S.K.: 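The structure under discussion is supplied below as structure tokens; questions concerning it will follow.
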Amino acid sequence: MTWENHSVLMEFVFLAYPNRLELRMLCFLGISLAYALIISGNILIMVSIQTETRLHTPMYYFLGSLSGIELCYTAVVVPHILANTLKSEKNITLLSCATQMVFFIGLGSADCFLLASMAYDRYVAICHPLQYPLIMTVTLCVRLVLASVVIGLVLSLQLVVFIFCLPFCQDRGIEHFFCDVPPVMRLVCATSHVHELSVLVAAALAIAVPFFFIATTYALIVAAVLKLHSAAGRHRAFNTCSSHLTVVLLQYGCCAFMYLRPNSSYHPKKDQFISLVYTLGTPFLNPLIYTLRNNEMKGAIEKVLTRNYFSQKDIQ
């Protein structure tokens with residue numbers, strides 16, 4: 001089955017949206033508020049890192065890049081969800097569905113690879129502090145960010161092409177809010193275990209491999225920190241990693257639950273809720289986690305907000 005066998009004008013219908021107008025308006029307001037907080041929080045982090053000279057370090061460069069990727073990641077699906085809550089017909093063409101899935105899965109995978117790069121940065125900073133400036137150069141940081149995005153998009157493109165070359169059944173109803181792998185795979189008529197295994201392998205490359213790298217990195221970090229004689233030094237080392245580790249557990253926990261399991265275990269209602277958690281919850285919580293547990297980041301954001309407040313007063 002090839003792309004020519006499918007019409008690019010073939011349409012899918014999203015079935016997860018509530019039918020009652022009151023519920024749709026409530027969903028629209030709730031998602032709009034969450035999206036506004038996601039945009040403002042991540043932009044604030046990016047601006048603070050850009051304007052505060054003392055934050056021009058690899059760790060904060062990665063954090064700013066993470067915020068940028070998450071802004072793009074949410075922009076792929078959230079405006080589409082908001083538009084669908086107001087529309088009576090919630091259709092999407094095959095080509096639009098495939099395109100949305102490429103960028104959603106690709107940027108989500110880039111998120112996972114970037115978190116692995118951040119773990120490597122913490123490993124070098126704690127385990128090899130004297131070599132840190134020599135190893136974590138600006139060039140290496142830029143390459144790691146670009147590699148995260150490129151690898152994520154390439155893996156996603158291969159996966160999506162594979163899925164949309166499979167034969168779809170007559171039922172075109174997607175039990176979801178947007179085009180994601182598990183609900184779309186349920187519309188595929190081919191029941192071969194080879195197809196399901198191929199999807200699981202792609203998910204493992206994007207999720208399990210980076211996670212095992214992060215786990216190994218943190219095992220080495222813990223071993224190095226426990227060798228420190230100073231309690232203050234151990235506390236400071238663990239404190240620099242705690243925010244990143246919290247985000248890792250949140251991100252990988254949701255992704256593993258959604259993608260690292262057989263298609264037969266898909267439950268529409270429960271999985272719709274989980275998908276909203278990693279689509280809206282994770283990008284919303286990440287800025288909070290990094291700012292509340294990081295005094296430098298908190299101070300930089302306060303400076304940006306204070307500067308903007310006084311500049312507006314001067315204009316008035």
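Residue indices begin at 1 and follow the sequence shown. These numbers were taken from a predicted model, which means no experiment stands behind them.
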S.K.: State whether the side chain of His56 and the backbone N or O of Gln50 hold a donor-acceptor pair below 3.5 Å, judged by distance alone.
M.R.: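 Yes; at least one donor-acceptor contact below 3.5 Å.
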S.K.: Does the side chain of Asp121 come under 3.5 Å of the side chain of Tyr132 through a donor N or O and an acceptor N or O?
M.R.: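 Tyr132 and Asp121 do have a side-chain donor-acceptor pair below 3.5 Å.
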S.K.: Determine the minimum heavy-atom distance between Ile135 and Val124, stating which atoms define it.
M.R.: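 Ile135 and Val124 have their closest heavy atoms at CD1-CG1, 3.9 Å.
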S.K.: Closest heavy-atom contact between Met297 and Ile45?
M.R.: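 Nearest heavy atoms, Met297 then Ile45: CE-O, 4.0 Å.
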S.K.: Do His244 and Tyr218 pass the ring pair (Phe, Tyr, Trp, His ring centres under 6.0 Å) test, and can you show the C-alpha distance, the side-chain angles, and the key distance before you say yes or no?
M.R.: CA-CA 11 Å; His244 176 256; Tyr218 270 103; 5.8 Å; yes
S.K.: At what distance, to the nearest 0.5 angstrom, does NZ of Lys90 lie from CG of Asn84?
M.R.: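 So the gap between those two atoms works out to 6.5 Å.
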S.K.: Using the rule given for side chain to side chain contact (heavy atoms under 4.5 Å, CB included), can you reason through Asp271 versus Glu175, listing the C-alpha separation, both sets of side-chain angles and the distance that settles it, and then say yes or no?
M.R.: CA-CA 10 Å; Asp271 291 358; Glu175 291 277 356; over 6 Å; no
S.K.: I need the single residue from Val149, Leu155, Leu157, Val150 that forms a side chain to side chain contact (heavy atoms under 4.5 Å, CB included) with Leu153. Which is it?
M.R.: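 Result: among Val149, Leu155, Leu157, Val150, Val149 is the only option passing the side chain to side chain contact (heavy atoms under 4.5 Å, CB included) with Leu153.
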S.K.: Could you give the distance from OG1 (Thr279) to CD1 (Ile81), rounded to the nearest 0.5 Å?
M.R.: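 Result: 6.0 Å between the selected atoms.
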S.K.: Tell me if the centroids of the rings in Phe257 and Tyr278 come within less than 6.0 Å of each other.
M.R.: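 Here the rings of Tyr278 and Phe257 have centres that are no less than 6.0 Å from each other.
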S.K.: Could you tell me if Tyr252 and Asp111 have a donor-acceptor pair between their side chains, going purely by distance under 3.5 Å?
M.R.: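 No pair is found: no donor N or O on one side chain lies under 3.5 Å from an acceptor on the other.
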S.K.: Quick one: closest heavy-atom pair of Pro18 and Cys27, and the distance?
M.R.: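 The answer is CG-SG, 4.1 Å.
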S.K.: Using modelled atom types only, decide if a donor and an acceptor are shared between the side chain of Arg24 and the backbone of Thr85 within a distance under 3.5 Å.
M.R.: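 Yes, Arg24 side chain to Thr85 backbone: donor-acceptor pair under 3.5 Å.
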S.K.: Can you name the nearest heavy-atom pair linking Tyr61 to Val142, along with the distance?
M.R.: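 For Tyr61 and Val142, the tightest heavy-atom pair comes out as OH-CG2, 3.4 Å.
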S.K.: If you round to the nearest 0.5 Å, how far is CG of Leu114 from CD of Glu70?
M.R.: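 Those atoms lie 9.0 Å apart.
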S.K.: Taking Gln100 for the side chain and Cys179 for the main chain, is one N or O donor matched with an acceptor at less than 3.5 Å?
M.R.: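 The answer is yes, because a donor-acceptor pair under 3.5 Å joins these two groups.
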S.K.: Could you check whether Ser243 and Thr246, counting side-chain N and O atoms only, form a donor-acceptor pair closer than 3.5 Å?
M.R.: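 Side-chain D/A pair, Thr246 to Ser243: absent.
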S.K.: Show, in sequence, the C-alpha distance, side-chain angles and deciding distance for Lys303 and Glu52, and conclude whether the salt bridge (Lys or Arg N to Asp or Glu O under 4.0 Å) test is met.
M.R.: CA-CA 9 Å; Lys303 279 187 179 181; Glu52 195 65 27; 3.2 Å; yes
S.K.: Strictly by ring pair (Phe, Tyr, Trp, His ring centres under 6.0 Å), give each pair with a member in residues 67-97 just once, sequence neighbours left out.
M.R.: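 Only Phe14-His80, Tyr73-Phe104 qualify under ring pair (Phe, Tyr, Trp, His ring centres under 6.0 Å).
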S.K.: Please confirm whether the backbone N or O of Ile221 pairs with a side-chain atom of Tyr123, one donor and one acceptor, at under 3.5 Å?
M.R.: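 No, because the side chain of Tyr123 does not come within donor-acceptor range (under 3.5 Å) of the backbone of Ile221.
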S.K.: What is the minimum heavy-atom distance between Asn42 and Pro283, and which atoms define it?
M.R.: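 Nearest heavy atoms, Asn42 then Pro283: ND2-O, 3.3 Å.
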S.K.: Under 3.5 Å, side chain of His176 to main-chain N/O of Gln272, donor-acceptor pair present?
M.R.: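 It does not hold such a pair.
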S.K.: Ignoring hydrogens, what is the shortest heavy-atom contact between Thr217 and Ala119? Give both atom names and the distance.
M.R.: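 Here Thr217 and Ala119 meet closest at CG2-O, 3.2 Å.
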S.K.: Determine, step by step, whether Ser96 and Thr99 satisfy the side-chain hydrogen bond (donor to acceptor under 3.5 Å, both in side chains) criterion, reporting the C-alpha distance in whole Å, the side-chain angles of both residues, the deciding distance to 0.1 Å, and the verdict.
M.R.: CA-CA 5 Å; Ser96 297; Thr99 304; over 6 Å; no
S.K.: Walk me through whether Phe168 and Phe12 qualify under ring pair (Phe, Tyr, Trp, His ring centres under 6.0 Å).
M.R.: CA-CA 11 Å; Phe168 288 106; Phe12 298 109; 5.4 Å; yes
S.K.: Could you tell me whether a side-chain N or O of Ser117 sits under 3.5 Å from a main-chain N or O of Phe113, the two making a donor and an acceptor?
M.R.: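 Answer holds: yes.
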